[in-house]
Amino acid sequence: MAITVIACSQQFAAEVGDIDLRRPLAAEDLAAVREAFRTYAVLVFPGQDLTVEQHMAFGANFGPLEKTVRAVFHGEKLRVRPEIADIANLDGNGKIWGTDSRFRQFQMGNRLWHTDSSFKAPSAYASLLYARSVAPIGGHTQYADMRAAYDALPQAMKDRLDGSFAEHSLMFSRARLGFDNFTEEERRAFQPTVRPLMRTLDDSARRSLYIASHIGHIRGMPDEDAQALVADLIAHSTQPQFVYTHRWRVGDLVMWDNRCTMHRGTEFEDTRWKRDMHRVTTSDRLDVFDIAQCALRTEAASAEY
Ligand code: OGA
Ligand code: MN
């Protein structure tokens, strides 16, 4: 039986059924998933039961997997292998973190609207987040359609964004939360990347806003103007008509296109309920900005985070 794709919202999020991600997909099913992923930037695969290896193998259909090469991540030893981003509220021993956890302070940045790895070179294409345990209340993930948000902008704003470039760093999004005690090593790893504010997607030719809470500066613009512009654009693109909210169940895998979406986690009692999620992330193609950025960096450290 062929896979089924049922829209959850118009042209933005869809649920994919009649598919078992534990096994390599038949060529026609993979082609159907790719086609759905071009149309819908968020795909939900409910009721999966994946090992880490199966999760990674499905992700690898969409590009090379990002890796963390550090054994210790923001003061916690890694619970997971380097190809997995640990999106859980657990410490290195698998216990629910406390409010004093440095890892928690860092992960709080996921509550701000962002797109994954815009601060890395190359940035991310697909993120695939898999729920192992979920909170009974809250802890949803919201997604914003940056293609529809771009299309809805007044022409004067589109013209203003065309040819404008922003600097993205994990330090900028964390600074919004008052967190700035980065180590020297982290400061080196989080040197900003330069990204266009508007991008054209090579597979659909659609245009998309490319913004995130990771933006600290816009080239050639005073910082107060830049911050006000980013705030306006985030407010515009997260209006209800552009947003899909995913309420997690254990076994859900949600995959999104970081080139043309933003997302954020919603609040929950994170020192009470265990919420254990694994993310596999694939790299986007290198663009001219990445090549320049890689050449400028003395250490390719950002790939480690
Ligand atoms: C992520 C992320 C938010 C959440 O996995 O990249 O930002 O709801 N997650 O956990
Ligand atoms: Mn994220």
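Atoms within each ligand, like the ligands themselves, are counted from 1 in listed order.
Comment: E53 engages R81 in a salt bridge, judged by a side-chain N to carboxylate O separation of less than 4.0 angstrom. Ion pairing of R188 with E185 is absent here, as no side-chain N (NZ or NE/NH1/NH2) approaches a carboxylate O to less than 4.0 Å. Using a 4.0 Å cut-off between a side-chain N of Lys or Arg and a carboxylate O of Asp or Glu, R206 and D145 do not qualify as a salt bridge.
Using a 4.5 Å cut-off on side-chain heavy atoms (C-beta onward), L90 and K274 make contact.
For H114 and H263, the gap between ring centers is short of 6.0 Å. Aromatic ring centres of F106 and F73: separated by at least 6.0 Å.
Not a single heavy atom of M277 sits closer than 4.0 Å to an atom of ligand 1. Contact between R111 and ligand 1 is absent, with no heavy atom of the residue lying under 4.0 Å from the ligand.
Between W248 and ligand 1, a contact under 3.5 Å exists for no N or O pair. Any N or O atom pair closer than 3.5 Å counts here, and T266 shares no such pair with ligand 1.
Residue contact check: H140 has heavy atoms under 4.0 Å from atoms 8 (O) of ligand 1. Counting the atoms of ligand 1 from 1 in the order shown, those under 4.0 Å from a heavy atom of G265 are 3 (C), 4 (C), 8 (O). Near H114, with a cut-off below 4.0 Å to any heavy atom, the atoms of ligand 1 are 7 (O). Counting atoms of ligand 1 from 1 in the listed order, those under 4.0 Å from a heavy atom of L129 are 5 (O). When each atom of ligand 1 is checked for a heavy atom of D116 under 4.0 Å away, the hits are 6 (O). For ligand 1 and H263, the ligand atoms under 4.0 Å from any heavy atom of the residue are 1 (C), 2 (C), 6 (O), 7 (O). Near N110, the atoms of ligand 1 lying under 4.0 angstrom from a non-hydrogen atom of the residue are 2 (C), 7 (O).
Summary of contacts: the protein heavy atom closest to atom 9 (N) of ligand 1 is I87 CG2, 4.0 Å. Of all protein heavy atoms, the one closest to atom 8 (O) of ligand 1 is T141 OG1, 2.7 Å. Of the protein's non-hydrogen atoms, the one nearest atom 1 (C) of ligand 1 is R279 NH1, 3.5 Å.
Residue R275 holds the heavy atom nearest to atom 4 (C) of ligand 1 of all those in R275, Q142, R264, Q107.
Both tests do not hold together for R195 against Y210: distance to the six-membered ring centre under 6.0 Å, angle to the ring axis within 45°.
Put simply, the side chain of N89 gets close to the backbone of W273: a donor and an acceptor are under 3.5 Å apart.
Put simply, the angle at the Mn ion (ligand 2) from NE2 in H114 to OD1 in D116 is close to 100°, to the nearest 10°.
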Checklist line | Worked check of ring-ring contact (aromatic ring centres under 6.0 Å, His included) between F37 and Y125 | finding: CA-CA 11 Å; F37 199 40; Y125 167 44; 5.7 Å; yes

Margin query: Evaluate E66 against S283 for side chain to side chain donor-acceptor pair (under 3.5 Å), listing each step before the verdict.
Written below: CA-CA 6 Å; E66 281 188 2; S283 294; 4.6 Å; no

